[in-house]
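As the structure lists them, so they are numbered: ligands from 1, and atoms in each ligand from 1.
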Amino acid sequence: MTEVLSADWVLPVEGEPIRDGAVAIADGRIAAVGPAAELGSGTRYEGAVIVPGLVNAHTHLEYAVYGGFGDGQPFDRWLATHIERKALLEPDDILAIARLGALECLASGVTTVGDASYAGAAARAADELGLRATVYLEVFRADPESALERFEALRAEVGPHLSERVRLGVSPHAPYTTSLEVYAACAGLGLPQMSHLAETVTERAWLVSGAGAWRAFGDRLLPPSGTTGIRALGKRGLLGPAFAAVHCVDLEHDEVELLAASGAGVVHCPRSNGYLGCGTAPVRALLDAGVPVGLGTDSPNSAVDFDLFAELRACVLAARARERDPAALTAGEALELATLGGAHVLGRADEIGSLVPGKRADLAIVELADTGLHPWEDPASAAVLAGSPDRVRATLVGGEVRYEKGKVEWRKARSAAADARRRMLAGASAAPPG
Ligand SMILES: [Zn+2]
């Protein structure tokens, strides 16, 4: 059966915006995209734009209620606060938090996440709530044997929740917590990989020479390797199209070239990077070099929430501020990063990221009639500059409505996650560590 949705505008991302556009859906896939005059109006959304389902290319669903923890602390102490509080949770708490995170993503028009998962609960939450996901199970440490042991234990736990929609990946955490040998072992698994790289200048200083602010807690890190994560991985041939490098704020020119030559993707997380005082990634340079770039919120511990519309605006502002150029990134380019760009980085661009026939029917309907950007001048600008979770009317994953405004019972999801946050606050040391 074919179902048609129509709105004032359809933004296919691949292809020009369509005024009075419609999307036809059959068997969970996009059957056709075009003018409503040709496809019929079907279910009509007035004052709205239909966009491809947003791709939040870097999340930690399991940290959905960590907002504000360690606010204002330097990166090392912020991370120590995070680790201390996380250790206070039981598996049921972590699952409750991940469920809320998945729901908040759907409510933000997000249909796919690239989630770095510490406990594997993100896979179950995505499975239950109908969110599309690649769940990258996190590994740490120096020794490949123990890292893979951890990975296989988590893989066995998430196994029942994997499917065509919820896929498996592996996330060697970062070059200061994970040895090059562990990165190599992860690459050997033949799965998509995701890692935090080049997040701060202090990371570079530590890795290259053991210098800088991280000396104070160097006993909790792997010893300096003498080079940056990207250079070390590039030299060993461990970067590639299946590799998603998250952050990439502190890049030198040769590192941009290494990423481009390898085919690795970058996930840009401007709010997290701003919140933690890291700076902001050279998005324009990465795009000009041909690096696939996606957009991610990272966790609410640094971005406050999973609102990808807020991230879109931060993305536009950060790029223009960095380059001191209003043309550094258009709203349309930002929307592409948050859809097709993210799909490329997650290795799923053949099935999601744009509204073209044959792809999965992942889309969001965003109502903008009550905003100052309506009536329409540029629908992409309106969606990026005025979109918000409050204005998402519905989110469809594979043609199924997985979120509809006013129809979600938030209370239960919120209270279970809030209980977990209460437990973390009750058990935390009086003075944050550090
Ligand atoms: Zn992260």
Do the ring planes of Tyr63 and His82 sit parallel (below 30°), tilted (30 to 60°) or perpendicular (above 60°)? perpendicular
Holding to side chain to side chain donor-acceptor pair (under 3.5 Å), I want the full list of residues that pass it with Ser381, two or more places apart in sequence or in another chain. Asp378
Report all side-chain donor-acceptor pairs from residues 111-121 shorter than 3.5 Å, counting only partners two or more places apart or in another chain.
from   : atom 1 : to     : atom 2 : distance (Å)
Asp115 : OD1    : Thr59  : OG1    : 2.6
Asp115 : OD1    : His60  : N      : 3.4
Asp115 : OD1    : Leu61  : N      : 2.6
Ser117 : OG     : Glu62  : OE2    : 2.6
Ser117 : OG     : Gly120 : N      : 2.8

The expected count of protein N/O/S atoms at less than 2.8 Å from the Zn ion (ligand 1) is 4
Over 60° means perpendicular and under 30° means parallel, so classify the ring planes of His173 and Tyr176, tilted if in between. perpendicular
Quick one: list whatever passes side chain to side chain donor-acceptor pair (under 3.5 Å) with Arg422, sequence neighbours left out. Asp419
Taking all non-hydrogen atoms of both residues, which atom of Val249 and which atom of Pro282 are closest, and how far apart? O-CD, 3.8 Å
